[in-house]
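Down below is the structure, laid out as structure tokens.
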Amino acid sequence: MARTPLMAGNWKMNCNHVEAVGLVEQLAWTLKDFKYEPERSEAAVIVPFTDIRSVQTVIEGDRLPLAFGAQDVSVYDSGAYTGEIAAGMLAKLNCKYVVVGHSERREYHGETDELINAKAKKVIAAGMTPIICVGEVLEVRKAGIHVSHVLTQTKGVLDGIPAEQVAKLVIAYEPVWAIGTGEVATPQDAQEVCGAIRGYVAEAFGEEAAKGVRIQYGGSVKASNVVEIMAEPDVDGALVGGASLKADEFAKIVMFYTVA
Ligand code: PGA
């Protein structure tokens, strides 16, 4: 069973809903022009909450070959949690993916592996797929303990998730020092950690889970470096920030396979 690469554009806090519709349409036209083959690489846009309904309408209405999702979710199902968005609300909008534990959430909102694990479970329970982020900060990398650090995070965020669910979810390895800095990890750096994550999944959840789980690399991915990163055996896609806001650039990233 080959894993279909997942190229997900994390828009972060960019694009209001009007701009979002424009960007999605432009992306779809560009992919069509380039003769995109969705079975070779899955394209997804991960948009701000306020854009989801509009993005859903245009993607479903025009049957565009794009998946869409959200950037965060509440650990609660409903109730007095002002400002929060429940997994059930996102599922009702047909979100396929929900990013949990992005390093910006960890850094600016104090999210822990335990909370991220609880959010991932809510996403799964609502029938969606979590994209669970892990990754080390620069000091950890400099100390040479990045592999064990990321495996500790991975253990925490996957705790108690059944093996058949682990097989279907997505883990994004994003070294924090490479996010939005232009400082991309080498393909070997990406493979080292993505391979170690798959090894941990095999050990903790079994071979089937390890074969199925998709592991993305994220951090300054661009059209000019995606091909060599995707050539690594344990890298099954990319979580793309800045470069996903330009339709042409993101379309080239999605279609990395035409160069490979
Ligand atoms: P970047 O962001 O591609 O702009 O480095 C990646 C991410 O934070 O998901």
Side-chain angles (χ1 to χ4, degrees), residues 5-15 19-20 23 27 41-49 51-52 55 66-73 95-111 113 116 119-120 123 129-138 140-141 146 149-150 153-154 157 169-187 189-191 193-194 197 214-230 232 235-256:
L6 172 62
M7 313 310 272
N10 171 16
W11 291 6
K12 309 192 179 184
M13 198 172 70
N14 293 292
C15 295
E19 293 162 339
L23 182 51
L27 176 60
S41 165
E42 183 181 0
V45 290
I46 307 297
V47 305
F49 290 131
D51 296 358
I52 296 175
V55 164
L66 295 170
F68 60 92
Q71 301 173 5
D72 187 31
V73 69
C95 284
K96 180 168 182 187
Y97 295 104
V98 181
V99 169
V100 293
H102 190 276
S103 64
E104 287 149 18
R105 302 283 326 164
R106 291 175 183 263
E107 186 181 349
Y108 308 135
H109 301 273
E111 294 201 4
D113 291 332
I116 294 159
K119 289 186 172 188
V123 173
T129 301
I131 297 177
I132 310 176
C133 302
V134 293
E136 81 284 359
V137 296
L138 188 59
V140 171
R141 162 80 40 176
H146 49 284
H149 177 87
V150 172
Q153 289 179 327
T154 306
V157 296
L169 57 74
V170 182
I171 298 171
Y173 166 56
E174 297 203 302
V176 179
W177 47 272
I179 295 178
T181 57
E183 187 89 32
V184 64
T186 65
D189 289 337
Q191 171 58 29
V193 181
C194 292
I197 293 172
R214 287 186 290 178
I215 305 174
Q216 296 178 311
Y217 166 77
S220 299
V221 173
K222 303 187 218 36
S224 59
N225 58 30
V226 68
V227 175
E228 52 179 19
I229 293 167
M230 289 303 295
E232 296 297 333
V235 179
D236 305 317
L239 187 55
V240 184
S244 71
L245 296 169
K246 294 173 225 138
D248 207 62
E249 179 79 7
F250 188 56
K252 286 182 188 151
I253 293 171
V254 169
M255 294 187 59
F256 74 93

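We're numbering straight along the sequence, starting at 1. Both ligands and their constituent atoms are indexed starting at 1 by order of listing.
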Atoms of ligand 1 under 4.0 Å from any heavy atom of Gly180, numbered from 1 in the order shown, are 1 (P), 4 (O), 5 (O)
Give me the residue, atom name and distance of the protein heavy atom closest to atom 3 (O) of ligand 1.
Gly241 N, 2.8 Å
Donor-acceptor contact below 3.5 Å, side chain Glu249 vs main chain Ala223:
yes
Which residue owns the protein heavy atom closest to atom 4 (O) of ligand 1, what's the atom, and how far is it?
Gly242 N, 2.9 Å
For Glu107 and Val137, what are the C-alpha separation, side-chain angles and deciding distance, and is it a side-chain contact (heavy atoms from CB on, under 4.5 Å)?
CA-CA 10 Å; Glu107 186 181 349; Val137 296; over 6 Å; no
From Lys12 NZ over to Leu245 CG, what is the distance, rounded to the nearest 0.5 angstrom?
9.0 Å
Tell me which one of Glu136, His146, Gln216 satisfies side-chain hydrogen bond (donor to acceptor under 3.5 Å, both in side chains) with Tyr173.
Glu136
For Lys12, take its heavy atoms, then give the atoms of ligand 1 lying under 4.0 Å from any of them.
2 (O), 7 (C), 8 (O)
List every atom of ligand 1 that sits less than 4.0 Å from any heavy atom of Leu239, numbering the atoms from 1 in the order shown and giving each element.
6 (C), 9 (O)
Atom 7 (C) of ligand 1 has as its nearest protein heavy atom Glu174 OE2, 3.1 Å
Are any of the heavy atoms in His102 under 4.0 Å away from ligand 1?
yes
Less than 4.5 Å apart, side chain to side chain, heavy atoms only: is that true for Pro130 and Tyr97?
no
Hey, does Ala243 sit under 4.0 Å from ligand 1 if you only count heavy atoms?
no
Could a heavy atom of Ala178 be found less than 4.0 Å from some atom of ligand 1?
yes
Quick check on side-chain contact (heavy atoms from CB on, under 4.5 Å): which of Ile46, Asp72, Ile132 does Val99 satisfy it with?
Ile46
From Glu174 CD over to Arg106 CZ, what is the distance, rounded to the nearest 0.5 angstrom?
10.5 Å
Find out whether Val47 and Ile52 are in side-chain contact, i.e. whether some heavy atom of one side chain is under 4.5 Å from a heavy atom of the other.
yes
SB check Lys96 Glu42 (cutoff 4.0 Å)
yes
Give the atoms of ligand 1, by number and element, whose distance to some non-hydrogen atom of Ser220 is under 4.0 Å.
1 (P), 3 (O), 5 (O)
Min heavy-atom dist Gly218 to ligand 1 below 4.0 Å:
no
Considering the heavy atoms of Gly219, write down every atom of ligand 1 situated less than 4.0 Å from one of them.
5 (O)
Would you mind telling me if ligand 1 is within reach of the side chain of Asn10, the backbone, both or neither, using heavy atoms under 4.0 Å?
side chain
